[in-house]
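Written out below as structure tokens is the structure these notes cover.
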Amino acid sequence: MGAPSAAGDWSSEMEVDAFRRLFPLRYYERHLSESIRPDARPLKRARDTIVSLEAVASSDGSALAKIGSTTMLAAIKMEVMTPSVDLPDEGSIAVEFHMPPICSPVVRPGRPAEVAPVISKQLFDSLVSSGMIDLKELSLIKGKAAWMAYLDIYCLDADGALFDAALLSAVAAFTHLRIPVVSLNDEGRMVVVSKELEGEKLDKEPVDKERRKLSLKSIPFSLTCILHNNYILADPTFEEESIMETFITVVLNSSGQLVSLYKPGGPVLAHTSAIQECIALTRQRMKELQEIIDEAISSMEID
């Protein structure tokens, strides 16, 4: 009696899979009408999220962030530069978002993903406009030397909500950042003191006597939502983004203030009520993400 039942279940699964491939939008709309998604999530729930610090030992600050299957690796490298004439007492940050071919079948070798520079610009704008980093903290000698923080983010698995995961990994990497010790060499130039020589007596007095953290304020967090008919889906997967093309990304800082709102087109109009609901969902998500980062920091300190 068991064999026919098993065969029937297998046949039914094949039919569902075929329907999903042939009519993906109708397949999703059937689920939406019951307020559930194919991955069993309620419409407004984000995927499980993990953050791990110190993911790259050779960097000055790094983190790995996973939202569902979407995975980002962020690493920061600090270098001494000459500050600009207009801002002589401030350092700078540079952000680069990378999408290697291993992250998605739609990214081809030798052809950079079109979305990569867009996300790079979004990340830079969010980090700077949120006020998370006081660029004056990156100054070493006014008008002569300051820090440049090079932030590189690599997408290892692109399964939707790329900006959200990239921003989370960037924030986590900055919480882990330790600014290196620097000293003046015989030529009067700033040089980074290697980790092996930190704490030892140097020929020249170091400018920073020990590695230090940045004082982060107004940390930005984001949530991307799909808008489809009267439905709002939080934290979409790649499949959901490809089927329902209208989405909105809200960025709030840790004080709950709006940093940016991004809607790159799509057939559905974003009415005021929908935007307000997306902002409310982002506020809830912000608390979850802050707790996840706090836990990652605590677990690293214990280790």
Side-chain angles (χ1 to χ4, degrees), residues 25 28-51 65-72 115 118-119 122-123 125-127 129-132 157-172 218-296:
L25 184 57
Y28 265 87
E29 287 178 337
R30 286 190 178 185
H31 284 80
L32 296 181
S33 64
E34 299 178 7
S35 298
I36 197 75
R37 291 151 89 164
D39 61 6
R41 276 189 295 158
L43 303 189
K44 297 171 184 176
R45 180 183 296 173
R47 293 167 289 177
D48 291 340
T49 303
I50 300 171
V51 170
K66 290 191 67 175
I67 300 179
S69 295
T70 301
T71 308
M72 299 287 170
V115 73
V118 176
I119 294 180
Q122 277 184 274
L123 289 167
D125 290 344
S126 297
L127 292 171
S129 59
S130 67
M132 180 181 81
D157 193 335
D159 188 27
L162 302 187
F163 174 78
D164 297 346
L167 181 60
L168 179 61
S169 69
V171 166
S218 302
I219 296 174
F221 296 103
S222 67
L223 179 66
T224 298
C225 296
I226 288 279
L227 305 180
H228 181 72
N229 296 334
N230 294 322
Y231 301 107
I232 296 178
L233 288 74
D235 181 29
T237 62
F238 172 76
E239 183 180 33
E240 290 170 339
E241 288 181 346
S242 62
I243 295 169
M244 298 169 278
E245 298 176 348
T246 304
F247 62 92
I248 183 170
T249 299
V250 178
V251 183
L252 301 177
N253 64 23
S254 50
S255 300
Q257 297 174 320
L258 182 65
V259 175
S260 67
L261 191 149
Y262 179 68
K263 181 182 180 294
V268 179
L269 294 176
H271 297 290
T272 303
S273 59
I275 292 174
Q276 289 175 339
E277 188 165 357
C278 290
I279 292 174
L281 290 171
T282 306
R283 282 201 172 93
Q284 296 175 14
R285 179 63 169 160
M286 178 183 68
K287 296 175 183 176
E288 296 173 5
L289 296 176
Q290 184 65 70
E291 290 177 1
I292 290 169
I293 286 183
D294 289 344
E295 288 177 7

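Throughout, numbering of the chain's residues begins at 1 and tracks the sequence. Small disclaimer: the values here were computed from a predicted structure and weren't measured.
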Value rounded to 0.5 Å, distance of [atom1] in [X] from [atom2] in [Y]:
X: Leu233; Y: Phe247; atom1: CG; atom2: CZ; value: 13.5 Å
X: Ile232; Y: Leu32; atom1: CD1; atom2: CG; value: 12.0 Å
X: Leu43; Y: Glu34; atom1: CG; atom2: CD; value: 11.0 Å
X: Thr249; Y: Leu261; atom1: OG1; atom2: CG; value: 8.5 Å
X: Asp235; Y: Ile67; atom1: CG; atom2: CD1; value: 5.5 Å

pair [X]-[Y]: side-chain heavy atoms closer than 4.5 Å:
X: Phe221; Y: Leu167; result: no
X: Leu252; Y: Leu223; result: no
X: Cys225; Y: Leu281; result: yes
X: Ile219; Y: Met286; result: no
X: Glu288; Y: Thr49; result: no
X: Tyr262; Y: Val118; result: yes
X: Tyr231; Y: Ser35; result: no

Can you establish whether the number of heavy atoms outside [X] located under 6.0 Å from its atom [atom1] is more than 12?
X: Asn230; atom1: CG; result: no
X: Arg45; atom1: CZ; result: no
X: Asp48; atom1: CG; result: no

Could you tell me which non-hydrogen atom of [X] sits nearest to which non-hydrogen atom of [Y], and how far apart they are?
X: Lys66; Y: Gly68; answer: CE-O, 3.7 Å
X: Ser130; Y: Asn253; answer: O-ND2, 4.3 Å
X: Ile36; Y: Pro42; answer: CD1-N, 4.2 Å
X: Arg47; Y: Ala161; answer: NH2-CB, 3.8 Å
X: Gln290; Y: Ser254; answer: OE1-CB, 4.3 Å
X: Pro220; Y: Leu127; answer: CG-CD2, 4.4 Å

Is it true that the side chains of [X] and [Y] contain a donor and an acceptor less than 3.5 Å apart?
X: Thr237; Y: Arg41; answer: no
X: Glu239; Y: Tyr28; answer: yes
X: His228; Y: Glu240; answer: no

- Partners of Gln284 by side-chain hydrogen bond (donor to acceptor under 3.5 Å, both in side chains), sequence neighbours excluded? none

- Quick one: which residue pairs count as a side chain to side chain donor-acceptor pair (under 3.5 Å) with a foot in residues 263-283, not counting sequence neighbours? Lys44-Glu277

- Which side chain to side chain donor-acceptor pair (under 3.5 Å) pairs, counting each pair once, include a residue from residues 159-172, with sequence neighbours left out?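 Listed once each, the pairs are Asp164-Ser222, Asp164-Thr224.
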
- Message: side chain to side chain contact (heavy atoms under 4.5 Å, CB included), that's the test. Do Asp125 and Val259 meet it? Break it down for me.
- Response: CA-CA 9 Å; Asp125 290 344; Val259 175; over 6 Å; no

- Check whether any side-chain N or O of Thr71 sits under 3.5 Å from a backbone N or O of Asp157 as a donor-acceptor pair, and report yes or no.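 No, Thr71 side chain to Asp157 backbone: no donor-acceptor pair under 3.5 Å.
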
